[in-house]
Protein chains: 2
Amino acid sequence: MASVLQPQRGLRMRTVRRSTITDVAKLAEVSIKTVSRVVRREPNVSERTRVAVQAAIDELNYRPTISARSTTSARSFLLGLVFDNPNPSYSFELLRGAQRAAKENGYQLVFEPLDRSRATPAESMTQLIVQGNLEGMIVPPPLCDDPDVLSAMSKLNRPFARIAPGREPSLGFCVSMDDRGAAEAMTRHLVDHGHTRIGFIMGREGTATTQARLHGYKDGLQGAGIAFDEELTCQGAFTIRSGVECGEHLLSLDDRPTAIFASNDDMAAGVLMAAHRVGLEVPRDLSVAGFDDAETASAMWPPLTTIRQPVADMAAAAAEGIIDHQRGNRENGLDNVQLDYELIVRESTGPVPEV
Amino acid sequence: MASVLQPQRGLRMRTVRRSTITDVAKLAEVSIKTVSRVVRREPNVSERTRVAVQAAIDELNYRPTISARSTTSARSFLLGLVFDNPNPSYSFELLRGAQRAAKENGYQLVFEPLDRSRATPAESMTQLIVQGNLEGMIVPPPLCDDPDVLSAMSKLNRPFARIAPGREPSLGFCVSMDDRGAAEAMTRHLVDHGHTRIGFIMGREGTATTQARLHGYKDGLQGAGIAFDEELTCQGAFTIRSGVECGEHLLSLDDRPTAIFASNDDMAAGVLMAAHRVGLEVPRDLSVAGFDDAETASAMWPPLTTIRQPVADMAAAAAEGIIDHQRGNRENGLDNVQLDYELIVRESTGPVPEV
DNA sequence: CTGAAAGCGCTAACAA
DNA sequence: TTGTTAGCGCTTTCAG
């Protein structure tokens with residue numbers, strides 16, 4: 001604490017000053033270049049000097065200033081994250097992950113909502129990157145599937161990482177999750193509880209995730225030797241309302257499902273409502289499963305069995321990929337990454353009701 | 001576009017370069033100092049020169065680099081926003097507002113989740129500010145009501161803005177909303193629809209907002225000449241689950257309320273569920289109102305009548321307050337600000353049921 | 001009204 | 001293994 005709050009000179013503590021590389025050099029009695037070497041973990045520093053310098057760094061609590069670094073080196077140590085996703089919780093998780101990874105690597109994360117009013121998304125992105133002097137950019141969905149944006153990014157010749165791309169997984173550095181495998185795992189979870197009539201609510205038409213999750217559902221049925229029954233699927237739109245409607249539809253079927261797997265949490269919430277309305281107790285009479293582990297999933301009543309997407313970790317991986325690339329570890333930086341999902345079993349799913 | 005993507009030299013477009021103050025000076029045939037004067041709107045520049053320089057700036061699409069600025073001036077043009085609120089949507093809205101205001105004023109927003117593992121919140125904040133070289137800090141709830149944090153911030157001698165403080169509204173620069181007035185307005189809205197038995201679900205015990213909203217509810221009743229009935233209030237905890245429980249309780253009353261005002265949206269969602277379970281149609285049989293306008297409020301079914309807090313605007317006002325203060329407009333920067341709420345009438349409230 | 005020169009904290013050659 | 005020197009893009013004196 002003392003070093004942080006050290007008075008500058010004279011009696012009054014005027015303003016808190018961070019220590020500079022020169023302060024450290026003086027204290028350790030070496031040149032600033034040597035300090036720089038230690039900080040940046042460059043080779044060619046004797047162990048003795050290293051230790052001495054490190055001690056000085058610790059004592060003064062020295063951290064290099066990003067601004068000063070960026071004026072000299074060609075690098076800005078700035079990483080961009082564009083926001084153009086209507087889901088604030090999702091965006092926020094991305095932000096947390098990216099910011100953590102950036103900070104750990106001496107980078108600063110610059111968060112930019114995409115200005116749709118001005119020009120095309122592609123032009124806006126170019127502006128953001130060039131004006132902001134960003135070394136690289138993290139591009140979440142749906143932007144990461146916009147062909148114009150992709151071609152603009154490629155032209156810019158700066159590394160960019162795409163989160164959960166739905167198409168062209170060879171463009172840029174891609175971080176994704178196994179949506180299909182996750183949906184299969186959830187289906188298997190329901191099958192393991194004895195369910196054979198499992199309803200499935202699809203997401204918005206035409207999105208890549210909608211397709212992947214539907215495939216996973218089919219995989220899960222097939223693996224258990226259960227025939228796919230189109231009657232048990234319903235076209236939703238990722239909204240609570242569509243969940244209510246699909247839930248009412250599925251529950252009004254003659255041979256109604258004993259479990260409903262909604263391909264996101266909002267629709268699962270809708271199913272919960274629909275179930276309550278017709279007097280069904282969850283999970284006693286009906287099992288309900290979601291997908292996403294949105295903030296409300298655990299707050300729902302009953303708490304929702306769902307799939308957790310490692311959103312923050314995906315953003316962190318994206319940031320790290322870009323940073324690695326900048327450091328010259330190309331092989332490390334450019335291989336696409338797929339992270340594991342997590343099946344979170346809460347109280348909304350249970351054994352199939354006894355007849 | 002041409003200026004943004006201009007090739008550097010030779011045939012191949014190597015890397016996109018932003019233009020510097022020197023580029024502008026050369027083009028306008030003045031010294032860099034003059035350019036600086038124009039950019040920073042300093043006096044003592046002839047109109048002719050100003051126009052010429054501005055033309056060069058526009059042509060080259062020149063924007064000063066924050067990093068370079070901060071190395072020279074004492075200012076870093078960095079504004080901090082700590083995150084320590086469990087609600088991602090709320091935090092995200094704050095972020096949007098603060099980032100917008102920062103950008104408009106040539107500042108950059110630095111977003112920092114509070115590291116609770118390391119030390120006390122107060123120490124962490126000090127670290128963030130000093131190490132990050134932040135000119136000021138935006139402090140949202142609940143952090144803005146932590147006495148240690150407040151005293152640490154005061155000692156640091158840097159401007160800080162508190163969002164929706166619950167106590168000590170004289171410490172720092174405070175931006176708030178009229179919680180009490182908003183709750184009163186919502187109560188009046190229900191009264192205007194003929195409701196006289198209006199249930200009220202309180203938030204978590206001991207929080208300032210909980211108190212303020214309860215007061216507003218009472219004000220609303222009193223204004224309409226309706227006696228406050230303790231039986232119609234219920235202690236919630238801002239969670240969906242507590243909403244379900246309070247909803248069930250209130251609806252099981254002998255003379256049950258015809259409207260329920262929950263002091264946040266999550267609890268209102270719980271009330272909706274409870275209502276569905278006992279077969280009550282909303283708003284035909286029961287009106288339900290919330291508070292916050294969370295992202296889910298409009299997605300609920302039926303869409304929820306609620307109070308919109310101008311969260312983003314509050315953060316923007318906070319950022320602007322700090323920036324104004326840094327610019328020396330003390331009177332402007334230090335007056336506390338109270339923003340207007342907005343009553344959003346959707347479909348969950350309606351006239352009192354005919355008996 | 002305008003500009004030259006010094007310097008911010010740091011990195012990148014290049015010496016020693 | 002270490003240090004010296006020259007910048008980076010900008011602001012800030014201080015002279016014209």
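Residue numbering restarts at 1 for every chain, and letters A, B, ... go by the order of the sequence lines. For the numbers below, each heavy atom of this structure counts, side chains included, while hydrogens, waters and symmetry mates do not.
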Closer to the 5' end of DNA chain D via nearest nucleotide, is it A/E47 or A/I32? A/E47
May I have the distance from [X] (atom [atom1]) to [N] (atom [atom2]), rounded to whole angstrom?
X: A/N133; N: D/dG9; atom1: CG; atom2: P; value: 10 Å
X: B/E42; N: D/dC10; atom1: CD; atom2: P; value: 15 Å
X: B/R41; N: D/dT11; atom1: CZ; atom2: C1'; value: 17 Å
X: B/R40; N: D/dT11; atom1: CZ; atom2: C1'; value: 6 Å
X: B/I57; N: D/dC10; atom1: CD1; atom2: P; value: 11 Å
X: B/Q326; N: D/dT11; atom1: CD; atom2: C1'; value: 16 Å

For B/A161, give me all partners under side-chain contact (heavy atoms from CB on, under 4.5 Å), at least two apart in sequence or on another chain. B/F173, B/A318, B/I322
Applying a 4.0 Å non-hydrogen cut-off, can you work out what [X] is touching in the nucleic acid: base, sugar-phosphate, or nothing?
X: A/S70; value: nothing
X: B/Y62; value: sugar-phosphate
X: B/S67; value: nothing
X: A/R37; value: base

Specify the closest pair of heavy atoms between B/V82 and B/L143, including all atoms of both residues, with the distance to one decimal. CG2-CD2, 3.7 Å
B/T65 side-chain proximity, nearest of D/dG9, D/dT11, D/dC8: D/dG9
Are any of the side-chain nitrogens in A/R162 or A/D146 under 4.0 Å away from the carboxylate oxygens of its partner? no
Ignoring hydrogens and geometry, is there a side-chain-to-backbone donor-acceptor pair from [X] to [Y] under 3.5 Å?
X: A/S19; Y: A/L60; value: yes
X: B/S76; Y: B/N133; value: yes
X: A/E135; Y: A/F77; value: yes

Nearest-nucleotide wise, let me know which of B/A68 and B/S46 is further upstream toward the 5' end of DNA chain C. B/S46
Outer limits of DNA chain C sitting under 4.0 Å from a non-hydrogen atom of chain A, read 5' to 3', are C/dG9 to C/dA13
So, B/Y107 and B/Q326: side-chain donor and acceptor under 3.5 Å apart, yes or no? no
Hey, is the side chain of B/R69 poking within less than 4.0 Å of OP1 or OP2 on D/dC10, counting only N and O atoms? no
